[in-house]
Amino acid sequence: MAFIPEPISRFFHRTASPPHFYALANRLIPWLSVLLVLGLAYGLYGGLYLAPADYQQGDSYRIIYIHVPAAWMSLFVYVVMAIMGGIALIWRMKLAEVMLISSAPIGAGFTFIALVTGSLWGKPMWGAWWVWDARLTSELILLFLYLGIISLYGAIEDKRSASRAVSILALVGVVNIPIIHYSVEWWNTLHQGATVSKLDKPSIHISMLIPLLTMAVAFKLYYAVAVLQAAKLELIKREPSAQWVKNLLETSA
Amino acid sequence: MKPIRRQRLILIVLMLAGIGLAATFALKAFNENLMYFFSTTDVKDGKAPKDALFRLGGMVVKGSVERPDADLLVRFRLTDFSQEVTVEYSGILPDLFREGQGIVTKGRLNERGVFVAEEVLAKHDENYMPPEVADSLKQPQATQDQP
């Protein structure tokens, strides 16, 4: 790695070693949790109480404070997993494998929440729980990709080869991400176009936008806390007899 | 970067490029099927299927909604701002159905060229604003309308 300065590359190698990562995660989790609670509290209060009702949908639109951040996160987590998959395949880095598989159930959860809240909103607003338009279908495929990754990992006994298989699946599935994002532009869909994540000015009033962005940050913080917790556990499960795990048990005992 | 790692990186980049290309071709091939609805221009051009169920989407023309009888039958015109199609529907309309709003209907064309809908779905647009802001946006137009 000639083009990466020595201190940075050393930082990455240190962080990637399980005991260092474990300690770092332990230090980060309390701070992230505090920020998460604050963000969630303000986001929910702002979204459900401070923000005005919509001119057409009334109060029903408030589901976007859950639906939209969850849908963004379903894409974000998948991209993180694909990057981790690439790192795991190229550098054979254990921590990347662990981060990939620890992210999968969280991403699946976000996707599921996005689909369910969208459906609950669709019935009164569109008049249908579900339609097979390009946006909804591609998001459903994303849920199946997550579930596929989780089951493939569980089906292979040796976790290093399981990680390799899962990394390839994660990379292959990444082609679905731009399809989900641009589906509302490329095809006629029942789902409306992008409101915030477009180059133009957002088509949402600022008083509604601020709680929405706060919720988006809170969801990211939740992901960070959840993935660090899951990765800590996965690291121990993978090498239960490693020296650093023994040291950990001794110090906590 | 070690040669073996560079090889793997190249392999992965090639794999992603291949999958991307394959997906592009597949989506191009299925482009028509991925369209959720036909536009009113498609119908006037005869692109929509005859004697078969299909979906028609468009904007409800302002002032075109009428209820000819005392029952649930509603008649309105849909437009994509170049062609208009008359739609008849008998049933309960969704909350967001109103004049000037985008909708998607499922049904078939009858011999008079009227689209007989079995289902009407409202298509929400991407705009969110408080009622006061919506009113203030309408204000200048309203004053122009009544000189």
Side-chain angles (χ1 to χ4, degrees), chain A residues 1-4 51-58 60-61 64 82 85-86 89-92 121-128 131-138 167-168 171-176 178-179 183-184 186-196 198 202-205 207-209 212, chain B residues 1-2 4-13 15-16 18-24 26-28 30-39 42 55 57 91-98 101-106 119-135 137-138:
Chain A
M1 301 286 289
F3 52 89
I4 292 178
D54 183 56
Y55 74 118
Q56 280 208 320
Q57 305 177 46
S60 311
Y61 92 96
I64 63 164
L89 283 177
I90 297 167
W91 285 279
R92 299 275 190 263
W121 177 88
K123 184 60 187 171
M125 289 303 142
W126 291 343
V131 294
W132 291 101
D133 83 345
R135 172 55 76 76
L136 277 67
T137 310
S138 53
S167 301
I168 293 172
L171 279 169
V172 169
V174 84
V175 73
N176 193 26
I179 295 176
S183 55
V184 289
W186 290 343
W187 302 293
N188 296 333
T189 54
L190 188 59
H191 195 285
Q192 60 266 30
T195 292
V196 182
K198 56 183 183 183
S203 329
I204 179 168
H205 194 261
S207 59
M208 300 166 166
L209 180 63
L212 180 61
Chain B
M1 202 183 268
K2 288 188 189 146
I4 178 82
R5 290 178 179 165
R6 175 168 304 154
Q7 239 171 36
R8 290 188 203 132
L9 178 65
I10 292 169
L11 214 63
I12 286 173
V13 169
M15 181 182 87
L16 285 181
I19 295 162
L21 202 67
T24 313
L27 292 177
K28 277 258 179 283
F30 290 116
N31 203 20
E32 301 263 297
N33 306 41
L34 287 168
M35 291 295 174
Y36 191 66
F37 54 81
F38 288 91
S39 70
D42 292 337
R55 292 194 194 85
I92 296 162
L93 295 163
D95 282 9
L96 280 180
F97 181 92
R98 57 200 72 178
Q101 176 78 32
I103 62 157
V104 176
T105 64
K106 190 170 85 181
E119 180 187 60
V120 171
L121 299 178
K123 182 169 159 51
H124 184 248
D125 61 21
E126 69 274 24
N127 297 310
Y128 298 86
M129 55 185 127
E132 309 86 69
V133 178
D135 285 346
L137 282 181
K138 276 187 201 137

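Order of the sequence lines sets the chain letters (A, B, ...), proteins ahead of strands, with each chain counted from 1. Every heavy atom of this structure was used, including side-chain atoms; hydrogens, water molecules and symmetry mates were not. Just so it is clear, the model here is predicted, and its values are computed rather than measured.
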So what's closer than 4.5 Å to chain A heavy atoms on B:Ile19: side chain, backbone, both or neither?
both

Residue part contacting chain A, namely of B:Arg98, when any heavy atom lies under 4.5 Å
side chain

Say you draw a straight line from CD1 of A:Ile179 to CG of B:Leu27; how long is it, rounded to the nearest 0.5 Å?
4.5 Å

Can you tell me how far CD1 of B:Ile12 sits from CD1 of A:Ile168, rounded to the nearest 0.5 angstrom?
8.0 Å

Where is the tightest heavy-atom contact between A:Thr189 and B:Tyr36, given as atom of each residue plus distance?
CA-CB, 4.1 Å

Residue part contacting chain B, namely of A:Ser207, when any heavy atom lies under 4.5 Å
side chain

When rounded to the nearest 0.5 Å, the distance separating CZ of B:Arg5 from CD1 of A:Ile90 is 10.0 Å

The interface call for B:Gln7 against chain A, heavy-atom contacts under 4.5 Å, is neither

Sequence neighbours excluded, which residues qualify as side-chain hydrogen bond (donor to acceptor under 3.5 Å, both in side chains) partners of B:Arg8?
none

Spacing of CZ belonging to B:Phe37 relative to CG belonging to A:Asp133, to within rounding of 0.5 Å
9.0 Å

Of the non-hydrogen atoms in B:Met15 and A:Leu171, which two are nearest, and what is the gap between them?
CE-CB, 3.7 Å

Residues passing the side-chain hydrogen bond (donor to acceptor under 3.5 Å, both in side chains) test with A:Ser167, sequence neighbours excluded, are none

Out of B:Ile4, B:Leu16, B:Val104, which one racks up the most heavy-atom pairs below 4.5 Å with chain A?
B:Leu16

In terms of heavy-atom proximity below 4.5 Å to chain B, should A:Met208 be classed as side chain, backbone, both, or neither?
side chain

How close do B:Ala23 and A:Val175 get, counting heavy atoms only, and between which atoms?
CB-CG2, 3.6 Å

Sort out for me which of A:Val131, A:Asn176, A:Val174, A:Val184 touches chain B most, counting heavy-atom pairs under 4.5 Å.
A:Val131

Separation of B:Lys28 NZ from A:Trp186 CH2 (nearest 0.5 Å)
8.5 Å

With chain B, which of A:His191, A:Gln57, A:Lys123 has the greatest number of heavy-atom pairs at distances under 4.5 Å?
A:Gln57

